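See structure below.
Keep in mind it's a predicted model, so treat the numbers as computed, not measured. Per chain, numbering begins at 1; letters A, B, ... match sequence-line order.
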Amino acid sequence: GWAPEPDQLFRTPAGWSDAGRLAPSETLSLTFALRQRNVQRLARLVQQVSSPDSAKYGQFLSLADVQALVAPSPLTLGTVQKWLDRHGVWDCRAVSTMDFLQCQLPAGTAERLLPGAQFHRYRNGTLSSVRSPSPYTLSEELQEHVDFVGGLHRFPAERKVVSRAWASGRMWPRRATRST
Amino acid sequence: FHLGVTPAVIRQRYNLTDGDVGTFQNSSQACAQFLEQYFHQADLSEFMHLFGGGFPHRCSVDRVVGRQGQGKAGLEASLDVEYLMSTGANISTWVFSTAGRHESQEPFLQWLLLLSNMSALPWVHSVSYGDDEDSLSRAYLERVNVEFMKAAARGLSILFASGDLGAGCRTTSEGKHVFRPSFPASSPYVTTVGGTSFRDPFLVSAEVSDYISGGGFSNVFPMPSYQAAAVKRYLSVAPRLPPSTYYNSTGRAYPDLAALSDNYWVVTNRIPVPWVSGTSASTPVVAGLIALINDQRLRRGRPPLGFLNPALYQLQGQGNSTAFYDVTQGCHLSCLDATVEGQGFCAAPSWDPVTGWGTPNFPELLRAMLG
């Protein structure tokens with residue numbers, strides 16, 4: 001197989017714990033990022049519509065225009081569709097720009113589709129996420145057609161608003177001198 | 001004199017008059033929430049009752065895309081909505097709430113999918129979210145970057161918080177320390193917002209850089225041409241730079257601009273909470289200001305600003321702009337080791353990797369962006 005994300009770290013964030021492997025019949029949702037066309041052209045276009053000294057400044061594209069520009073090739077769409085069909089994955093929906101495909105499928109099917117993946121449930125208080133601690137691979141035939149598969153490794157990122165006065169017991173954060 | 005940052009303090013510092021509010025019906029702005037962070041309309045009403053006197057504003061969010069849970073409000077969500085609607089006052093506001101309909105969905109990816117699926121979207125998006133760049137695969141980073149290009153091509157302004165760990169720090173496999181950039185802050189196709197604080201904490205005074213303000217250089221994305229001159233200047237004139245082994249001086253440098261990020265008042269679960277800080281606070285403030293500028297542009301029959309950075313760097317690169325208060329004092333955090341002693345980059349005249357071009361002087365920024 002081929003690993004689209006060999007460098008993607010898997011780490012269980014603080015607060016999350018492994019609650020066991022999913023039963024093969026449990027449904028999960030995977031997001032396939034399909035290879036787009038004309039990315040270089042898109043980059044040039046962005047430069048033109050965003051640069052005040054360009055004649056095209058402010059001439060933005062509609063969603064339909066973006067779709068026409070970046071939508072995957074018929075070959076990409078067909079290859080991915082055939083591969084999913086072969087594994088009995090039918091419940092899929094594409095976004096308007098056709099470059100993301102979101103599919104619902106049983107965990108057992110997902111593990112056959114993405115060799116190496118093993119889906120576990122992780123819990124953090126009332127929150128629950130399904131992720132694979134082991135890397136996934138894809139069929140070689142998809143190397144030119146899929147960028148990555150979402151829903152395997154990355155946990156929902158937490159952002160933290162700092163509350164320095166409370167956290168440090170200081171009321172005057174800016175006046176404090178740095179310890180040497 | 002003030003007892004913490006409120007809408008009145010921000011509007012005073014950035015020179016917004018009571019008349020600087022949205023007036024055009026097609027103006028719009030949004031913030032995104034992940035990981036089951038919810039806001040409550042009642043908190044927003046109370047916040048505006050307590051702090052929203054003196055300028056016309058709205059007391060409710062117009063549209064929630066996604067599911068709003070029934071639980072307690074999150075401090076982050078409350079902060080985003082309350083301050084986005086304080087600078088972007090009287091502008092139609094949406095909240096994207098993508099906790100992930102299914103356990104296996106990635107909330108941030110879900111938000112990107114929504115952008116690719118909706119033909120009518122707010123023109124300005126404030127997102128206070130980030131991950132360590134080195135924790136994400138290159139395939140993912142590059143693809144998400146293309147998603148930001150798609151948004152830019154459509155005229156959307158997407159603003160990300162620069163992060164709250166200064167330059168960051170990680171230990172390489174050889175045991176050396178290097179700075180740790182944050183993504184999407186490091187994407188060349190978003191506008192990244194850093195943080196400042198008042199030099200005199202209880203006075204509306206000049207600003208210094210906030211030591212938590214995220215900033216630095218991407219290890220993945222090369223420096224875009226729009227910022228090359230500004231960054232080159234910083235690297236050549238900065239009086240004190242960290243050793244070059246700590247960062248990639250040819251990468252996309254961030255943040256692009258900044259705003260106050262210290263000592264905010266937020267109402268959450270009906271309780272006014274003081275001392276809330278972070279670039280999560282400065283980002284919706286700047287997003288609201290950009291929405292106000294869009295409002296004026298749309299009213300004049302002109303297109304929205306779209307992706308801001310090329311125009312921003314061009315404006316500031318001219319050298320005589322008064323659209324930003326240049327923040328020139330203070331340094332941010334980095335590795336606690338004998339070489340850099342916890343200090344990353346320092347603010348300097350013109351652009352710097354702690355506060356970008358500085359903080360907005362709204363009337364001048366508006367004039368420049370209308371001109």
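- Contacts between Leu34(A) and chain B at a heavy-atom distance below 4.5 Å involve the backbone alone (N, CA, C, O).
- For Arg143(B) and Phe100(A), the positive end sits near the middle of the six-membered ring, less than 6.0 Å away and at most 45° from its axis.
- Residues of residues 8-23 of chain A lying under 4.5 angstrom from chain B, judged on non-hydrogen atoms, are Gln8(A), Leu9(A), Arg11(A), Trp16(A) in numerical order.
- For Gln47(A), the part lying near chain B is the side chain, with the backbone staying farther off; criterion is any non-hydrogen pair under 4.5 Å.
- Contact of Asn124(A) with chain B is not made at all, since no heavy-atom distance falls under 4.5 Å.
- Using a 4.5 Å heavy-atom cut-off against chain B, the contacting residues of residues 69-84 of chain A are Val70(A).
- Using a 4.5 Å cut-off between heavy atoms, Leu28(A) touches chain B through backbone and side chain atoms alike.
- Most heavy-atom pairs under 4.5 Å with chain A, from the set Leu113(B), Asp131(B), Asn309(B): that is Leu113(B).
- Here Asp99(A) pairs with Lys150(B) in a salt bridge; the nearest charged N to carboxylate O distance falls below 4.0 Å.
- Note: Glu147(B) leads Arg302(B), Arg138(B), Glu147(B) in heavy-atom pairs under 4.5 Å with chain A.
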>> Would Glu103(B) and Ser128(A) count as a side-chain hydrogen bond (donor to acceptor under 3.5 Å, both in side chains) here? Give the steps.
In response: CA-CA 6 Å; Glu103(B) 294 170 290; Ser128(A) 175; 2.4 Å; yes
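- Annotation: cation-pi geometry not satisfied between Arg154(A) and Phe108(B) (NZ/CZ under 6.0 angstrom from ring centroid, within 45° of ring axis).
- Only the backbone of Pro4(A) has a heavy atom closer than 4.5 Å to any heavy atom of chain B.
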